[in-house]
K.L.:
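Sharing a structure here in structure tokens format.
The first residue of the sequence shown is numbered 1, and numbering continues consecutively from there.
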Amino acid sequence: MKKLLLFGAFLLGCFSGQAQDTGSADALNDINAIKRDTSFIYAESTMKDALEAQSGAQAILELKLYDWLRSNYPNENAEALVNNSKEKWFPLLTKRGKYNRIFVYVKKRDVVPIAEEPEPVEEEFVPILEEVLVPELTSDEESMAAIVRFDDIEPYVKGLKNDGRIRAYGKYASLPEDDPCYMFVYDKEGSVVAVLRQSEDGQHFNLRSLKEDNVRNYKNCGAIWLQFK
């Protein structure tokens, strides 16, 4: 009741000639701005009696708030939220001829308080280290990878041949394209610059770097290939 009387006194004060003349245009601008802003809920009523217009606008606003809460916050206590928000309802008074227009509005966040979002915390970058699986070499592959001179290739191949472990061998010109084999790649100085393993699909793998490679990467080099039984 006390609030109602205070509001009535506010309205009566607004009806004074000076307040009406200086505030009407501003009030209309405010009303139009609020209607365009989706962060507000509002209601209005126009009657000859200012207090009746006030009661009508408040009743309409209350109904609109209940509808909005049921649609957007069905699990909240709508009655408590509406009652608590009434302290944040604000009126605007304009005149329509001899009639008083009361426009009442409230911010949605004053009906359902929205917690402030915490400032984002800059996380320290921690690189993700992927586990790299290093292929294991057989004992024969380790022995071949250890050969660094062209002169050591022939004794190694001859030893395998004497043991009956060689199926075929030859120079690069007779290299089988789609058949597993091993290659010693050597340069003009007689250094074995790479030892490659060729798979059935023709892909090459370097036994020293343990990475994919290709014999064509070694320009001006020769190659000796061999196949195990």
Side-chain angles (χ1 to χ4, degrees), residues 1-135 203 209-212:
M1 179 60 74
K2 183 177 180 181
K3 184 183 298 184
L4 181 62
L5 292 174
L6 289 173
F7 187 78
F10 164 79
L11 292 175
L12 292 174
C14 290
F15 291 160
S16 64
Q18 184 177 2
Q20 180 181 343
D21 293 340
T22 58
S24 181
D26 291 339
L28 287 174
N29 290 334
D30 291 342
I31 289 171
N32 291 330
I34 291 169
K35 285 185 174 182
R36 291 191 298 266
D37 193 335
T38 58
S39 64
F40 292 95
I41 298 176
Y42 60 87
E44 58 186 304
S45 178
T46 302
M47 296 184 182
K48 283 187 176 182
D49 184 83
L51 292 180
E52 289 181 1
Q54 167 210 338
S55 298
Q58 287 180 325
I60 296 171
L61 179 59
E62 187 168 324
L63 292 175
K64 292 178 74 171
L65 287 174
Y66 276 118
D67 289 340
W68 176 70
L69 288 169
R70 291 190 188 100
S71 298
N72 296 277
Y73 301 93
N75 297 325
E76 298 290 339
N77 186 335
E79 183 177 0
L81 290 173
V82 171
N83 288 334
N84 291 337
S85 72
K86 289 182 178 179
E87 294 182 355
K88 299 295 180 67
W89 294 9
F90 296 99
L92 289 173
L93 168 67
T94 58
K95 297 285 287 185
R96 285 181 176 173
K98 296 181 179 180
Y99 289 84
N100 295 295
R101 177 196 186 191
I102 303 297
F103 183 92
V104 185
Y105 66 95
V106 64
K107 280 191 174 183
K108 292 178 180 178
R109 69 182 183 185
D110 288 333
V111 180
V112 181
I114 301 174
E116 294 185 2
E117 296 184 2
E119 294 184 3
V121 178
E122 187 174 341
E123 297 183 0
E124 182 180 357
F125 174 75
V126 179
I128 299 175
L129 301 179
E130 295 184 0
E131 182 179 1
V132 179
L133 298 178
V134 179
Q203 299 296 315
S209 66
L210 302 179
K211 295 179 180 179
E212 291 184 2

K.L.:
Do Asn83 and Glu79 have side chains that get closer than 4.5 Å, going by heavy atoms?
P.N.:
yes

K.L.:
Counting C-beta onward and ignoring hydrogens, is there a side-chain heavy-atom pair between Glu62 and Val82 closer than 4.5 Å?
P.N.:
yes

K.L.:
Any Lys/Arg nitrogen of Arg70 or Asp67 sitting under 4.0 Å from an Asp/Glu carboxylate oxygen of the other?
P.N.:
yes

K.L.:
To the closest 0.5 Å, what do you measure between OG1 (Thr94) and CG (Asp30)?
P.N.:
11.0 Å

K.L.:
Once you round to the nearest 0.5 Å, how far does CG of Leu65 lie from CD1 of Ile60?
P.N.:
12.0 Å

K.L.:
Test of understanding: with side-chain hydrogen bond (donor to acceptor under 3.5 Å, both in side chains), list the residues that count as partners of Glu44, not counting sequence neighbours.
P.N.:
Lys35, Arg101

K.L.:
State, with a plain yes or no, whether a side-chain heavy atom of Asp49 is found less than 4.5 Å away from one of Asn100.
P.N.:
no

K.L.:
Both conditions, 6.0 Å and 45 degrees, for the charged tip of Lys108 above the ring of Phe40: are they met here?
P.N.:
no

K.L.:
Using 0.5 Å steps for rounding, measure from the NZ atom of Lys88 to the OG atom of Ser85.
P.N.:
9.5 Å

K.L.:
I'd like to know if the side chain of Asp110 and the backbone of Val106 have a donor-acceptor N/O pair within less than 3.5 Å.
P.N.:
no

K.L.:
Look up atom CG in Leu81 and atom OH in Tyr73, then write down how far apart they are to the nearest 0.5 Å.
P.N.:
9.5 Å

K.L.:
For residues Ser45 and Gly56, report the shortest heavy-atom separation together with the two atoms involved.
P.N.:
CB-C, 3.9 Å

K.L.:
Please say whether more than 12 non-hydrogen atoms of neighbouring residues, nucleotides or ligands are located less than 6.0 Å from OH in Tyr99.
P.N.:
no

K.L.:
Looking only at non-hydrogen atoms, find the nearest pair between Ala53 and Ile102 and report the distance.
P.N.:
CB-CG1, 3.5 Å

K.L.:
Work out which heavy atom in Tyr42 is nearest to a heavy atom in Lys64; give both atom names and the distance.
P.N.:
O-NZ, 2.6 Å

K.L.:
Where does the angle between the aromatic ring planes of Phe90 and Tyr105 fall among parallel (under 30°), tilted (30 to 60°) and perpendicular (over 60°)?
P.N.:
tilted

K.L.:
Among Leu61, Ile34, Thr46, find the residue that satisfies the side-chain contact (heavy atoms from CB on, under 4.5 Å) test when tested with Phe103.
P.N.:
Ile34

K.L.:
Compare every heavy atom of Leu92 with every heavy atom of Ala27, then report the nearest pair and how far apart it is.
P.N.:
O-CD1, 4.1 Å

